[in-house]
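Reading through the structure tokens given below for one structure.
Excluded from the calculations below are hydrogen atoms, water molecules and symmetry mates; all remaining heavy atoms, backbone and side chain alike, are included. Just follow the structure's listing: the first ligand is 1, and inside any ligand the first atom is 1. As the structure is a computational prediction, the values presented were derived from the model and not from experiment.
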Amino acid sequence: MSRKNRPWLFYDTTASVCTTCLRQVEAKIVIKGDDVFLDKWCPAHGSERVLIADDAAYYRLGREVYVKAPEMPERFNTPMRHGCPYDCGLCPDHMQHSCLSVVEITEHCNLRCPVCYAESGPERQTHRSLAEVEAMLDAVVANEGEPDVVQLSGGEPTLHPDFFAILDAARARPIRHLMINTNGLRIARDEAFVARLAGYRPGIEIYLQFDSLHDAVLQQMRGADLADIHARALARLEAHGLSTTLVMTVKRGVNDDQIGEVIQHGLQYRCVRGVTLQPVSDAGRNVDFDAARHRLTVSEVRRRVAEQSGLFTLDDIVPVPCNPDTLAMGYALKLGDEVLPLTRHLGPDALLAGPRNTIVFERDPAMKEAVFKLFSTNHSPESQASCLSSLLCCLPAIAAPALGYENVFRVLIVQFMDAANLDLRALKKSCVHFAQPDGRLIPFEAYNLFYRGERIEKTREIQAEIAAATARRR
Ligand code: SF4
Ligand code: SF4
Ligand SMILES: [Zn+2]
């Protein structure tokens, strides 16, 4: 008798949440051809199947090769009582420290973007007090010792009335690298503001919203004509030598054909250190999120980078080991008019193979060693460089003075999971965390799904159910 086979490979089990009721559910990872799916089943709401990668070989690279021992924070902030994801955080079951801590200093914004996960806008007027922001910064320092990267965000952080007092408060703490997450409006319009900001160099970086060069697209993503604002903001940042990352929220069918254009645009500026690509997810104001039309997986974004950038190939974009499910990166060196993708030269043999790179590396044996270490993360899993924070800020420091900030160009793909594609195994490795005034650090996706604003009500209901069920079992 011949048995029937399932038409797919059963790769793994994991857990997720039901998109309808947000309760934890069982999930399977199945591979069908090149596609990888998360299959979920809720006793109340039935089955769901969500595409999580369209390149099974790349997905498996992140699961099987780019893996490292979790790096822990100095302390945990909450006990384990209800199970993941209802104990954030960080609870002792979390498997990665905060590579990047986000400190939201205001709900106010001068835009009202249709894709805003924080649902900020002009009508929201609440700013965190300086005392609250200091408590959030202290929470990050208590968890991290010397935090690698802290990002001031919002809302629009540059509109906070105490913005520079907050920068001073951050500077007074042992934070290595400070980022300002901004839509660029104030930078474009206020020369004195940018000049004062430049006084905080080095160790400060502008994380500049930059979805497109075209107003038709910016209208869809941000509800405003911003192309001219972006151009003026970039000109000022270039003039003041302020390190900048262009941050592109990517929506399938809207701007996913413009990834190469934004990367090439960024390469024209000395101040631009790279482009971060964030596929849009079903969070916050993104209420008209149509997954079938707009969701993009990391592997799809990676392929677009390879197809459109004219610079990076597929081999240049690799999983970031601290959270390989949701992060991918590629590095290039900018040397005059030449741009040399570096990531493909991972590993000791390959390092010496490319004659152009050999010239660079042989100039400085110490740098060669440092760059070798940075790019051999898959050979030394304990390496610090396998952390998102190192990828964000450490290469320029390591390479200086032989190479400066202006020589580095980085492409990062940062996916934030939503209720549909949430893999709790990957969430436990989240290394981008929101600081809270009460001392908690909550993983990015968990915060937007379970803890932000009114969402906490639903989470409290689930926590109460779990507590009651647990009491019955005792
Ligand atoms: S996401 Fe992390 S911090 Fe939150 S409950 Fe799960 S393991 Fe704990
Ligand atoms: S996405 Fe940024 S710029 Fe847009 S409304 Fe939200 S906080 Fe403001
Ligand atoms: Zn359900």
Side-chain angles (χ1 to χ4, degrees), residues 15-26 40-48 70 72-73 76-98 102 104-124 143 152-160 180-186 207-211 218 221-224 226 229 247 249 278 280 283-286 323 417 419 422-434 436 440-451 458-459 462-463 466:
S16 179
V17 293
C18 167
T19 306
T20 306
C21 65
L22 294 183
R23 281 163 182 80
Q24 200 205 99
V25 294
E26 291 178 21
K40 314 194 277 187
W41 179 75
C42 171
H45 301 106
S47 299
E48 292 177 73
M72 292 293 97
F76 293 103
N77 315 89
T78 48
M80 290 157 65
R81 283 185 13 220
H82 309 97
C84 185
Y86 313 113
D87 287 331
C88 301
L90 298 176
C91 81
D93 211 30
H94 200 78
M95 291 291 136
Q96 188 65 16
H97 77 112
S98 313
V102 184
E104 289 188 330
I105 64 174
T106 181
E107 295 179 350
H108 182 55
C109 191
N110 42 11
L111 290 179
R112 202 172 181 284
C113 303
V115 296
C116 184
Y117 60 72
E119 298 184 68
S120 296
E123 72 284 2
R124 297 184 68 176
N143 268 44
L152 299 181
S153 186
E156 174 52 43
T158 62
L159 299 179
H160 195 293
I180 318 290
N181 184 359
T182 175
N183 59 29
L185 263 69
R186 181 149 193 205
Y207 214 58
L208 182 68
Q209 185 193 100
F210 204 100
D211 302 334
L218 292 163
M221 302 285 287
R222 305 290 165 183
L226 295 171
I229 293 282
V247 186
T249 299
Q278 290 182 189
V280 71
R285 188 180 291 130
N286 217 341
N323 194 355
M417 299 174 288
L422 185 71
D423 181 338
L424 290 182
R425 181 193 48 78
L427 179 66
K428 283 177 190 288
K429 292 202 270 181
S430 160
C431 60
V432 181
H433 302 156
F434 282 105
Q436 303 297 305
R440 287 177 301 156
L441 276 127
I442 303 188
F444 190 101
E445 288 100 332
Y447 186 64
N448 284 335
L449 269 169
F450 307 108
Y451 300 92
K458 179 77 183 172
T459 303
I462 297 171
Q463 287 170 335
I466 294 169

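- At least one side-chain heavy atom of Leu226 sits less than 4.5 Å from a side-chain heavy atom of Leu111.
- With waters left out, the protein N, O or S atoms under 2.8 Å from atom 4 (Fe) of ligand 2 add up to 1.
- For the residue pair Val115 and Val280, the shortest heavy atom distance occurs at CG1-CG2, 4.2 Å.
- Side-chain contact between Cys88 and Thr78 is absent, with no heavy atoms from C-beta onward closer than 4.5 Å.
- Note on ring orientation: taking the six-membered ring where Trp is involved, the planes of His94 and His433 are perpendicular (angle over 60°, cut-offs 30° and 60°).
- Contact of the Arg23 side chain with the Cys42 side chain is not registered, since no non-hydrogen atoms from C-beta on lie closer than 4.5 Å.
- Within the sub-2.8 Å shell of atom 6 (Fe) of ligand 1, the protein contributes these N/O/S atoms: Cys84 SG.
- Evaluated for a salt bridge (charged side-chain N to carboxylate O under 4.0 Å, His left out) with Asp93, the options Lys429, Arg81, Lys428 yield exactly one hit, Lys428.
- Contact annotation: the side chain of Pro443 approaches that of Leu90 to within less than 4.5 Å [non-hydrogen atoms, C-beta and beyond].
- Those atoms of ligand 2 that come under 4.0 Å of a heavy atom in Gly155, given as number and element, are 7 (S).
- A salt bridge links Arg112 to Glu123: at least one charged side-chain nitrogen sits closer than 4.0 Å to a carboxylate oxygen.
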- Are His82 and Asp87 close enough, and set up right, to give a side-chain contact (heavy atoms from CB on, under 4.5 Å), and what steps lead you there? CA-CA 6 Å; His82 309 97; Asp87 287 331; 3.0 Å; yes
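- Interatomic distance, CG of Leu218 versus CZ of Phe210, reported as 8.0 Å (0.5 Å rounding).
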